[in-house]
Amino acid sequence: MRISGVSAFVVMLGFGAATLAAQQDTSGGVYNTNPTPQQQRQEKPAGVGVSNARPEDTSAPLGDTGERMRDRFFLKTAAQSSRGVVRMSQLALAKSSNDDVKAFAQKIMTDHAALARTWKPLAQELGGPPARELSKRDQKLYDRLSGLSGEQFDKEYMMAMAESHREDLKLFRDTMVATSNNSLRDALDRTIPVIQDHIMQADSVARKNGYLAMQ
C-alpha cells in the first residue's frame with residue numbers, strides 16, 4: 001500500500017471494502033478564550049493576554065497538539081493508500097484470468113475490509129475527513145492498469161502491489177516509532193504483520209509466474 005498506495009490501507013487500507021477514513025469529525029478540546037463582560041472593560045497592555053484569533057485552517061481541532069495532527073495526517077495517508085490498493089484489486093478480479101493473481105486480489109479485498117473495521121474507531125477518535133479519492137500517483141497507475149490486459153496486466157498489478165505494500169510497511173514502522181498514542185500503536189501492531197504477509201505473497205506470485213524476469 002502507498003500509503004503512496006494500505007483503499008484498502010480500507011486501511012485504512014477504499015484502510016468499501018477498504019476505507020480507513022472516519023465518517024465523522026470529532027474535535028479535540030477547545031479552550032474558551034472569550035472574555036467576560038467585566039474582562040472586556042479592562043484595558044490590557046499590548047501583547048499581553050491570550051489571543052482570541054482563530055486559525056484559518058479549521059480542518060484540525062483547536063486543541064490538537066503537533067503529534068495529534070501528525071497522527072491524523074498518517075491516518076489520512078494510510079486510508080488513501082488502502083483505497084488505491086483495493087480499487088486496483090477490484091480491477092484485477094474483473095480483468096485477470098490468472099488464478100494466482102485473482103486469489104491474491106481477493107485476499108487483499110478481504111484483509112482490507114477487516115482492517116477497515118479495526119481502524120474505524122481510531123479514525124473517529126482522531127477525526128479528520130475520510131480519504132474519498134485516490135492519490136494522483138495511484139489514479140495514474142489505476143488508469144494505466146485499466147488499459148492493460150492479459151499477462152501484462154497481471155505483471156504490472158503484482159509489481160504495483162509489492163511496491164505499495166513496501167512503502168506502507170516503512171510508513172507504518174516509522175509511525176510506530178514516532179507516536180505515543182497507545183490506540184494507534186495497537187492498531188499499527190495488528191496491521192504490520194498483515195502488510196508483511198501481503199508483501200511475501202506478492203513476491204511469491206511474481207516469482208511463480210515469472211513477472212520478476214519481465215521487468
Side-chain angles (χ1 to χ4, degrees), residues 1-23 65-90 92 100-101 103-131 134-135 137-138 141 157-208 211-212:
M1 293 174 302
R2 253 174 300 274
I3 281 43
S4 64
V6 104
S7 124
F9 251 175
V10 117
V11 140
M12 320 99 53
L13 324 235
F15 308 138
T19 80
L20 297 179
Q23 297 302 316
T65 63
E67 181 175 330
R68 180 181 173 88
M69 293 176 69
R70 184 175 63 240
D71 290 346
R72 282 161 56 94
F73 179 78
F74 158 77
L75 195 65
K76 180 179 178 180
T77 303
Q80 191 171 50
S81 175
S82 180
R83 179 176 290 272
V85 167
V86 167
R87 286 282 302 279
M88 285 181 264
S89 295
Q90 290 173 330
D100 295 330
V101 173
F104 176 84
Q106 184 58 62
K107 180 171 179 58
I108 290 293
M109 299 289 293
T110 301
D111 288 352
H112 278 252
L115 288 173
R117 293 189 290 271
T118 296
W119 284 84
K120 184 176 180 179
L122 185 61
Q124 293 174 333
E125 173 189 332
L126 293 176
L134 302 185
S135 67
R137 184 171 71 165
D138 281 352
L141 180 56
Y157 164 72
M158 293 307 306
M159 294 298 98
M161 292 299 99
E163 180 183 357
S164 176
H165 281 82
R166 284 188 168 88
E167 292 176 356
D168 286 343
L169 182 59
K170 182 180 186 306
L171 174 66
F172 277 55
R173 283 174 168 171
D174 289 348
T175 302
M176 176 70 87
V177 172
T179 187
S180 61
N181 184 309
N182 289 331
S183 297
L184 177 54
R185 291 177 64 85
D186 180 64
L188 289 166
D189 191 54
R190 284 180 286 166
T191 304
I192 286 174
V194 179
I195 299 174
Q196 292 172 319
D197 181 58
H198 289 171
I199 292 172
M200 289 188 295
Q201 292 197 40
D203 288 346
S204 178
V205 171
R207 284 193 300 269
K208 178 180 178 180
Y211 299 149
L212 296 177

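Using a 4.5 Å cut-off on side-chain heavy atoms (C-beta onward), S89 and Y157 make contact. Residues T175 and F73 are not in side-chain contact: their nearest non-hydrogen atoms beyond the backbone lie 4.5 Å or more apart. In this structure, the side chains of M161 and H198 stay at 4.5 Å or more apart for every pair of heavy atoms. Between L134 and Q80 the shortest side-chain heavy-atom distance does not fall below 4.5 Å. With contacts defined as side-chain heavy-atom distances shorter than 4.5 Å, the pair R70/T179 does not qualify. Counting heavy atoms from C-beta outward, N181 and L126 have side chains that approach closer than 4.5 Å.
The existence of a salt bridge linking D203 and R166 is confirmed by a sub-4.0 Å separation between a basic side-chain nitrogen and an acidic carboxylate oxygen. A salt bridge is defined here as a Lys NZ or Arg NE, NH1 or NH2 lying under 4.0 Å from an Asp or Glu carboxylate O, and D186 with R190 meets this definition. For R87 and D138, the salt-bridge test fails: no basic side-chain N is under 4.0 Å from an acidic carboxylate O.
Rounding to the nearest 0.5 Å places CD1 of I192 at 5.5 Å from CG of L188. To the nearest 0.5 angstrom, Q196 atom CD is 5.5 Å from L169 atom CG. The CE atom of M109 sits 4.0 Å away from atom CD of Q90, with the distance rounded to the nearest 0.5 Å. The structure places OG of S204 at 13.5 Å from CD1 of I199, a figure rounded to the nearest 0.5 Å. We find the CG-CG distance between L122 and L75 to be 5.5 Å, quoted to the nearest 0.5 Å.
Minimum heavy-atom separation, M159 to A206: CE-CB, 3.4 Å. Heavy-atom minimum distance, R68 versus E125: NH2-O, 3.0 Å. Nearest heavy-atom pair across M176 and D189 is CE-N, 3.5 Å.
In this structure, F74 and F172 have perpendicular ring planes: the angle between them is above 60°, well past the 30° mark.
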Q: Begin with the C-alpha distance, continue with both residues' side-chain angles, and end with the deciding distance and a verdict on side-chain contact (heavy atoms from CB on, under 4.5 Å) for M158 and D100.
A: CA-CA 10 Å; M158 293 307 306; D100 295 330; over 6 Å; no
Q: Take I108 and H165, measure what side-chain contact (heavy atoms from CB on, under 4.5 Å) needs, and give me the verdict at the end.
A: CA-CA 11 Å; I108 290 293; H165 281 82; 3.8 Å; yes
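For Q201 (side chain) and F104 (main-chain N/O), no donor-acceptor pair under 3.5 Å exists by modelled atom type.
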